[in-house]
Amino acid sequence: MSLENKLADGAVKKFDSLRQVAAFIGCPAETLEETVTRYNDFVLKGVDKDFGKKVMLQTISYPPFYVGQERVGVHYCCGGLKFNEKAQVLNTSDEPIAGLYVAGEASGGVHGKDRLGGIGLTDAVVFGRIAGREAALLERASEHTEFRYVPPRSRSVQELDASADFEPTSD
């Protein structure tokens, strides 16, 4: 939602001074002004001594000041199970755990300690497909039909079809 829309529906308020902001949020004006001055000093020095923030692009120096309550919607988890290019979960020795695959929110580490914006759904779909394919390639047996592994005809996405990778055999 844009700032204009948030202002129009009252989700964000616009103020001409930090004292007005302080009054609105119920904070002593001096405390807010000291906090903003401290933060601005961190920005200028490039070091946030309070929270260790590494990216501080601008000071809070002039009006208007905007105040709103944002709601966070988790759409991607930066932590998760370590895995390889076959979506196999790795143990603490970086070896695949047989039969254990991961994709989506439970997976972690694709982009290091952070993530690329807009990539969450792509990761989930790509590694979900890989995990499904790799799990389907395992030898399995059921009470009625035994399946044996048949190497895929092609590794291209267009050719992948899990049902074509297995041929039923009789008991």
Side-chain angles (χ1 to χ4, degrees), residues 1-13 25 35 39 42-43 45-60 66-171:
M1 181 184 278
S2 70
L3 176 60
E4 291 77 23
N5 289 342
K6 289 181 178 185
L7 286 166
D9 75 5
V12 171
K13 306 283 186 200
I25 65 173
T35 301
Y39 176 79
F42 292 165
V43 172
K45 292 178 180 174
V47 177
D48 180 342
K49 293 181 181 178
D50 289 339
F51 301 103
K53 187 175 171 183
K54 302 212 185 292
V55 178
M56 298 174 290
L57 302 178
Q58 62 188 26
T59 60
I60 301 171
Y66 298 94
V67 176
Q69 185 176 23
E70 292 293 331
R71 300 208 185 339
V72 176
V74 176
H75 69 285
Y76 191 85
C77 179
C78 286
L81 299 172
K82 189 173 183 180
F83 65 106
N84 64 18
E85 71 280 357
K86 292 183 176 182
Q88 296 169 303
V89 176
L90 303 178
N91 64 20
T92 56
S93 299
D94 288 338
E95 298 164 343
I97 299 171
L100 186 58
Y101 299 90
V102 68
E105 291 293 320
S107 64
V110 171
H111 307 288
K113 293 182 180 180
D114 206 348
R115 70 172 182 91
L116 301 174
I119 198 77
L121 290 176
T122 303
D123 279 352
V125 170
V126 169
F127 282 102
R129 186 167 177 91
I130 291 170
R133 180 191 66 213
E134 293 296 323
L137 294 176
L138 292 175
E139 278 191 70
R140 345 179 181 179
S142 71
E143 291 179 42
H144 307 292
T145 307
E146 189 175 303
F147 292 90
R148 64 183 166 82
Y149 174 73
V150 175
R153 293 170 297 181
S154 171
R155 294 303 251 183
S156 72
V157 173
Q158 294 79 14
E159 295 283 328
L160 287 175
D161 181 356
S163 64
D165 292 338
F166 288 94
E167 295 175 359
T169 60
S170 57
D171 291 339

Hits for side chain to side chain donor-acceptor pair (under 3.5 Å) against Glu95, two or more places apart or cross-chain, chain-then-number order -> Asn91
Which residues share a side chain to side chain donor-acceptor pair (under 3.5 Å) with Asp9, sequence neighbours left out:
none
Decide yes or no for Pro96 and Leu90: does some side-chain heavy atom of the first lie under 4.5 Å from some side-chain heavy atom of the second?
yes
By salt bridge (charged side-chain N to carboxylate O under 4.0 Å, His left out), which residues pair with Lys53, not counting sequence neighbours?
none
Could you report the tightest heavy-atom contact between Leu7 and Lys13, atom names first, then the distance?
CD2-C, 4.2 Å
Atom pair CZ (Phe127) and NZ (Lys86), whose distance is rounded to the nearest 0.5 Å:
13.0 Å
Could you pull out all residues at least two apart from Lys54 that satisfy salt bridge (charged side-chain N to carboxylate O under 4.0 Å, His left out)?
none
Among residues at least two apart in sequence or on other chains, which ones pass side chain to side chain donor-acceptor pair (under 3.5 Å) with Asn84?
Gln88
Heavy-atom pair with the smallest gap, counting every atom of Ser107 and Ala103
OG-C, 4.0 Å
Among residues at least two apart in sequence or on other chains, which ones pass side chain to side chain contact (heavy atoms under 4.5 Å, CB included) with Val43?
Tyr39, Met56, Thr59
